[in-house]
Amino acid sequence: MPELPEVETVVQSIRDKLIGNEFENIEIRWPKVLFNFSKEDFLNTLINRKIQRVDRRAKFIIIGFDDDILAIHLRMTGKLYFQNNLSQKKHISAIITMNNGGYFIFEDTRKFGRFYYYNSQDYLNNKLGIEPLSNEFNDIWLKNILHNKKRMIKALLLDQNIIAGLGNIYVDECLWKSNIHPQTVSNKIPFKNILILCKEIKSTLQSSINAHGTTVVNFTFLNGQSGKYSDQLNIFGKEGRPCPRCSQTIKKKKIAGRGTHFCPKCQIKRN
DNA sequence: CCATGAACCTGGTCGC
DNA sequence: TGCGACCAGGTTCATG
């Protein structure tokens, strides 16, 4: 499911209910949900400890205790929310009982989402690429990466080890905004397009966060409210419709293993 | 180093 | 209405 703006939206929606509170118990309904630790580990290490912080790193939700963290990845269909009682919903992977009596629910239709436990956030920080909304991510940094690699730009932008947080929707949108064909080899992209790409990555992600993310199918947060960025999409999901810039018919094709939307007229491949 | 396809899961949609 | 094929916001692993 979610990319950076959607994960950020989830973090903002659960932060205040978690910070200062404690986990009291956990019920596991899909055993694989705990990736690198067991229910006993959870009970032994995370119960009755005050939650210090709730943050986002890339597409991970970080629940911080002291140095150690519970990291949650929603993958395609994961949802996190609070409830006052246990529901009989079908696809619940885990339920955490809170010290204040509420239930912290992880619902996940496709069951790809996972909980991870780490002694510190260093492991994730070392593995993941740069945060695109940080100041370190700028046009010079991006130019160096693109020009030092010979890689299809769409695959490069989706690679979480390089830039962390972009996914299929925002890559398609940002490549369209900067007139770059998704199959362009990264070191063939002119600097003037890289400048636009850098700027559009930041502004697209920030606009989407401001709109509480994109709802494609039924992504929801906080009791079913939907993200409003869907209204601002130009190219994603618009196959067969006219390009908002040049009116050419938008095409969809499998690129880098993902359904990819682009305008064949104004996104030029220069390989 | 890079590209591709399968795997992990369930459900929705489309064509016949 | 029913059924099979294909698709889905992500990531990882094997293979060439």
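Residue numbers start from 1 in every chain, and the chains themselves are labelled A, B, ... in the order their sequence lines are given, proteins ahead of strands.
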Measuring only the [atom1] atom in each nucleotide, how far is [N] from [M]? A whole number of Å is fine.
N      : M      : atom1 : answer
C/dG9  : B/dT13 : P     : 15 Å
B/dC9  : C/dG2  : P     : 28 Å
C/dG10 : B/dC1  : C1'   : 22 Å

Electrostatic pair [X]:[Y] at N-O distance under 4.0 angstrom:
X        : Y        : answer
A/Arg258 : A/Asp172 : no
A/Glu27  : A/Arg29  : yes
A/Glu131 : A/Arg57  : yes
A/Glu3   : A/Lys59  : no
A/Glu8   : A/Arg56  : yes

### Query
Is there a chain of hydrophobic side chains (I, L, V, M, F, W, Y, each step under 4.5 Å between heavy atoms) that links A/Trp176 to A/Leu166?
no
Filtered N/O pairs between nucleotides 14-16 of chain B and protein, under 3.5 Å:
none

### Task
Quick one: which residue pairs count as a side chain to side chain donor-acceptor pair (under 3.5 Å) with a foot in residues 94-104 of chain A, not counting sequence neighbours?
none
Integer-rounded Å distance: [N] [atom2] and [X] [atom1]:
X        : N      : atom1 : atom2 : value
A/Glu173 : C/dG9  : CD    : P     : 13 Å
A/Lys90  : B/dC9  : NZ    : P     : 16 Å
A/Leu157 : C/dG10 : CG    : P     : 13 Å
A/Ile162 : B/dC1  : CD1   : C1'   : 11 Å
A/Lys89  : B/dT10 : NZ    : P     : 18 Å
A/Glu107 : B/dG11 : CD    : P     : 11 Å
A/Asn168 : C/dA8  : CG    : C1'   : 10 Å

Quick check: do [X] and [Y] have side-chain heavy atoms less than 4.5 Å from each other?
X        : Y        : value
A/Ile69  : A/Arg53  : yes
A/Arg75  : A/Arg114 : yes
A/Leu46  : A/Leu70  : yes
A/Leu156 : A/Leu158 : no

### Stretch residues 28-36 of chain A: residues that reach within less than 4.0 Å of DNA chain B through a heavy atom
A/Trp30, A/Lys32
### Query
What pairs with A/Asn84 under side-chain hydrogen bond (donor to acceptor under 3.5 Å, both in side chains), at least two apart in sequence or on another chain?
none
### Message
Tell me every residue that passes side-chain hydrogen bond (donor to acceptor under 3.5 Å, both in side chains) with A/Asn161, counting only those two or more places apart in sequence or in another chain.
### Response
A/Asp159
### Message
With a 6.0 Å cut-off (strictly less than), is the heavy-atom count around CZ of A/Phe191, excluding the residue itself, greater than 12?
### Response
yes
### Task
Quick one: sort the A/Phe82 and A/Phe104 rings into parallel, tilted or perpendicular, breaks at 30° and 60°.
parallel
### Selection: residues 110-123 of chain A, any non-hydrogen atom under 4.0 Å of DNA chain C
A/Arg110, A/Phe112
### Task
Taking only the side-chain nitrogens and oxygens of A/His91, find out if one of them lies under 4.0 Å from OP1 or OP2 of B/dC9.
no
### Task
Quick one: name the residues clustered hydrophobically with A/Phe262, using the 4.5 Å side-chain heavy-atom rule over I, L, V, M, F, W, Y, and just say none if it's on its own.
A/Met152, A/Ile255
### Task
Using a 4.0 Å cut-off on protein heavy atoms (strictly under), produce a 5'-to-3' string for nucleotides 2-7 of chain B with B for base contact, S for backbone-only sugar-phosphate contact, and - for none.
SSS---
### Pairing string, 5' to 3', for DNA chain C - Watson-Crick or wobble contacts under 3.5 Å, brackets [ ] where pairs cross, | to another strand
.|||||||.|||||||
Taking only N/O atoms, report every protein-nucleotides 11-13 of chain C pair under 3.5 Å with atom names and distance.
unit_1	atom_1	unit_2	atom_2	d
C/dT11	OP1	A/His73	NE2	2.9
C/dT11	OP2	A/Lys59	NZ	2.9
C/dT11	O4'	A/Arg75	NE	3.2

### Message
Strictly by ring pair (Phe, Tyr, Trp, His ring centres under 6.0 Å), give each pair with a member in residues 40-75 of chain A just once, sequence neighbours left out.
### Response
A/Phe23-A/Phe42, A/Phe23-A/Phe65, A/Phe60-A/His73, A/Phe60-A/Tyr116
### Message
Determine whether the aromatic ring centres of residues A/Tyr81 and A/Phe106 are separated by less than 6.0 angstrom.
### Response
no
### Message
Taking side chain to side chain contact (heavy atoms under 4.5 Å, CB included) as the definition, give me every residue that meets it alongside A/Gln206, ordered by chain and number, with sequence neighbours left out.
### Response
A/Leu133, A/Ile209, A/Asn210
